[in-house]
Amino acid sequence: MNILGIETSCDETAAAIVTDNREVLSNVVRSQNEKHLPYGGVVPEIAARAHLEIIESIIRQSITEAKLDFGDLDGIAATCGPGLIGGVIVGSMVGKAISASRKIPFIAANHLEGHALTARLTHNIHFPYLVLLLSGGHSQFIIAEGVGKYQIIGNTIDDALGEAFDKVAKMLGIGFPGGPALERVASFGSAGRFNLPRPLKGREGADFSFSGLKTSVRNKIEKMDDKNISEKDVQDLCADFQCAVSDIIKDRVVNALDIFRKKYPICEKLVLCGGVASNQVIRTTLEQSIQPLGINLIAPPLNLCTDNGAMIAWVGVERLRLGLVNTLDFKPRPRWSLDELKNSC
Ligand code: KG4
Ligand code: ZN
């Protein structure tokens with residue numbers, strides 16, 4: 001089975017072909033970074049137009065690189081939410097058009113399900129498992145019980161972690177997108193100088209809060225006075241921010257594992273996914289903190305953590321296998337929580 005996946009929910013235009021044997025035959029991702037750079041963040045209208053300009057060539061490239069033809073496709077999955085509505089409309093309309101013209105099944109993919117299921121593509125793991133999803137719009141602990149069956153057991157009560165990375169990077173003027181830029185700058189600094197807070201650390205439950213941490217970074221910058229802030233200050237502040245984030249995650253994961261074990265006593269792995277999961281410091285510190293608890297960290301390769309078409313194609317594989325296909329009148333959903341899926345179309 002060859003499934004085409006289309007992803008256009010934020011600022012990456014992506015298409016990929018994945019088989020039901022877990023082979024990624026192609027995975028084409030085109031970032032719009034340069035277009036949004038002058039604004040220091042993703043501009044929805046610009047993003048939608050940019051998707052429209054290149055979606056066709058990205059899909060053609062994914063088919064050529066897979067050494068296939070349109071006639072070899074057995075199904076098509078396109079992200080239908082959550083995400084920026086303009087981009088989601090572009091991707092889903094193109095997906096529906098291909099589905100209608102080739103008479104192949106259409107799968108309206110939930111972007112978050114794509115992140116959560118990637119570990120089954122890369123590591124062939126079985127349900128149930130605990131997921132830590134850290135992306136630009138979400139920071140959640142999720143119990144994945146089956147395709148379409150998710151229980152959110154921890155959520156951010158304010159900012160998502162990727163958003164916090166992006167905002168702190170913007171405050172420090174170190175580039176866009178903020179996450180990778182901050183990780184790079186932090187690698188030159190040393191943590192421990194700035195005494196940043198760890199919101200919710202030590203508290204019950206598995207929720208996150210990152211807004212106070214972000215505000216604290218802003219206060220430190222203001223105290224230093226823009227003109228006096230040196231390159232070393234910026235590097236150390238980035239290292240401190242990353243260290244605080246890692247500390248918070250280490251604390252929250254213990255509670256999330258407890259909650260998971262109450263429902264499923266055997267737990268041997270934790271799946272980390274979403275764009276922030278490509279951060280090496282977070283991956284390593286999390287792995288080291290859960291190993292003594294007998295838990296293995298399962299994290300997809302970096303290019304399958306950030307947004308891509310392969311994860312959407314894989315949602316297509318998983319859903320098509322269960323006969324969970326959608327009709328072409330499926331309406332894109334800019335807001336679409338994982339616990340609203342309920343293993344249905
Ligand atoms: O999953 P993703 O590609 O898109 C969404 O679904 O949101 O995640 C994007 C987020 C952005 O906030 C980006 O800054 C962050 O992931 N990110 C990182 C790193 N790479 C991407 N954050 C920290 N460290 C990184 N290396
Ligand atoms: Zn994503």
Side-chain angles (χ1 to χ4, degrees), residues 9-12 29 31-33 36-37 39-43 47 82-84 111-112 115 132-141 154-191 193-194 196-201 207-221 229 231 233-253 272-286 299-300 302-308:
S9 66
C10 192
D11 59 342
E12 262 92 28
V29 182
S31 156
Q32 303 174 355
N33 285 348
H36 302 290
L37 190 65
Y39 308 96
V42 179
V43 182
L84 301 174
H111 179 87
L112 307 174
H115 281 304
L132 173 53
L133 167 63
L134 298 173
S135 69
H138 296 81
S139 300
Q140 297 179 329
F141 283 105
N155 215 335
T156 179
I157 58 170
D158 40 56
D159 292 354
L161 182 53
E163 185 186 353
F165 264 94
D166 293 338
K167 285 181 178 163
V168 167
K170 191 171 177 182
M171 283 176 215
L172 291 167
I174 56 173
F176 172 84
L182 197 150
E183 181 176 15
R184 200 170 46 249
V185 173
S187 69
F188 300 104
S190 332
R193 239 180 92 191
F194 290 97
L196 295 176
R198 271 85 170 140
L200 297 186
K201 187 174 171 184
D207 284 341
F208 290 107
S209 166
F210 294 110
S211 140
L213 175 58
K214 177 195 67 188
T215 307
S216 174
V217 173
R218 176 175 291 127
N219 292 340
K220 304 280 176 197
I221 298 171
I229 191 161
E231 198 179 350
D233 293 331
V234 173
Q235 292 165 349
D236 288 350
L237 202 42
C238 286
D240 249 344
F241 174 79
Q242 215 169 228
C243 178
V245 164
S246 302
D247 267 358
I248 293 166
I249 294 172
K250 279 192 313 195
D251 175 79
R252 304 282 78 195
V253 78
L272 179 65
C273 61
V276 185
S278 60
N279 184 294
Q280 288 293 355
V281 173
I282 293 176
R283 283 166 91 104
T284 310
T285 46
L286 184 57
L302 306 194
N303 66 328
L304 295 181
C305 286
T306 45
D307 289 351
N308 64 86

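What you see below is based on every heavy atom in this structure, not just the backbone, and it leaves out hydrogens, waters and symmetry mates.
- When each of Val168, Asp158, Asp166 is tested with Lys214 by the rule side-chain contact (heavy atoms from CB on, under 4.5 Å), just one qualifies, namely Val168.
- For the atom pair NZ (Lys167) and CE (Met171), the distance works out to 8.0 Å, reported to the nearest 0.5 Å.
- To the nearest 0.5 Å, the span separating NE2 on His138 from CG on Leu112 amounts to 4.5 Å.
- Using modelled atom types, no side-chain atom of Glu12 and backbone atom of Val29 make a donor-acceptor pair closer than 3.5 Å.
- A parallel orientation is assigned to the rings of Phe210 and Phe208, their planes being inclined by less than 30° (bins at 30° and 60°).
- Phe241 has its ring centre less than 6.0 Å from the ring centre of Phe165.
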Please test Asn303 against Asn308 for side chain to side chain contact (heavy atoms under 4.5 Å, CB included), starting from the C-alpha separation and ending with a verdict.
-> CA-CA 7 Å; Asn303 66 328; Asn308 64 86; over 6 Å; no
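- Interatomic distance, Ser246 OG to Ile282 CD1, rounded to the nearest 0.5 Å: 5.0 Å.
- A distance of 13.0 Å separates CG in Leu172 from NZ in Lys170, rounded to the nearest 0.5 Å.
- Nearest heavy atom pair, residue Gly175 against residue Ala169, reads O-CB, 4.1 Å.
- Here the closest non-hydrogen pair linking Val281 and Gln242 is CG2-NE2, 3.4 Å.
- At distances below 3.5 Å, at least one donor-acceptor pair connects side-chain atoms of Arg252 with backbone N or O atoms of Asp207.
- Without hydrogens or angle criteria, Asp240 side chain to Phe194 main chain gives a donor-acceptor distance under 3.5 Å.
- What you find for Gly189 and Ala239 is that their closest heavy atoms are C-CB, 3.8 Å.
- Annotation for Leu84 and Cys10: closest pair CD1-CA, 4.3 Å, computed over non-hydrogen atoms.
- In this structure, the separation between CZ on Arg198 and CG on Leu213 is 8.0 Å, given to the nearest 0.5 Å.
- Put simply, the side chain of His111 never gets that close to the backbone of Pro82: no donor and acceptor are under 3.5 Å apart.
- Considering Leu132, Leu161, Leu133, Asn155 in turn, Leu161 is the only one that fulfils the side-chain contact (heavy atoms from CB on, under 4.5 Å) rule with Ser139.
- Each of Thr215, Ile221, Val217 was evaluated against Asn219; a single residue qualifies, Thr215, per the side-chain contact (heavy atoms from CB on, under 4.5 Å) test.
- The CD atom of Gln235 sits 10.0 Å away from the CD1 atom of Ile174 when rounded to the nearest 0.5 Å.
- For the pair Leu196/Lys220, a side-chain contact is recorded, criterion being any heavy-atom separation below 4.5 Å from C-beta on.
- Counting all heavy atoms, side chain and backbone alike, Pro199 lies closest to Ile248 at CD-CD1, 3.7 Å.
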Report the C-alpha distance between Asp233 and Arg193 in whole Å, list the side-chain angles of each, state the deciding distance to 0.1 Å, and finish with yes or no for side chain to side chain contact (heavy atoms under 4.5 Å, CB included).
-> CA-CA 9 Å; Asp233 293 331; Arg193 239 180 92 191; 2.6 Å; yes
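- Listed here is the closest heavy atom pair of Pro300 and Cys305: O-SG, 3.4 Å.
- Leu134 places a side-chain heavy atom less than 4.5 Å from the side chain of Ile249.
- Using a 3.5 Å distance cut-off with no hydrogens or angles, the side chains of Asp159 and Ser211 do not pair a donor with an acceptor.
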Derivation and outcome, side-chain hydrogen bond (donor to acceptor under 3.5 Å, both in side chains), residues Asp307 and His115 | CA-CA 8 Å; Asp307 289 351; His115 281 304; 3.1 Å; yes
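- You'll find the side chain of Arg283 reaches within 4.5 Å of the side chain of Leu302, heavy atoms only.
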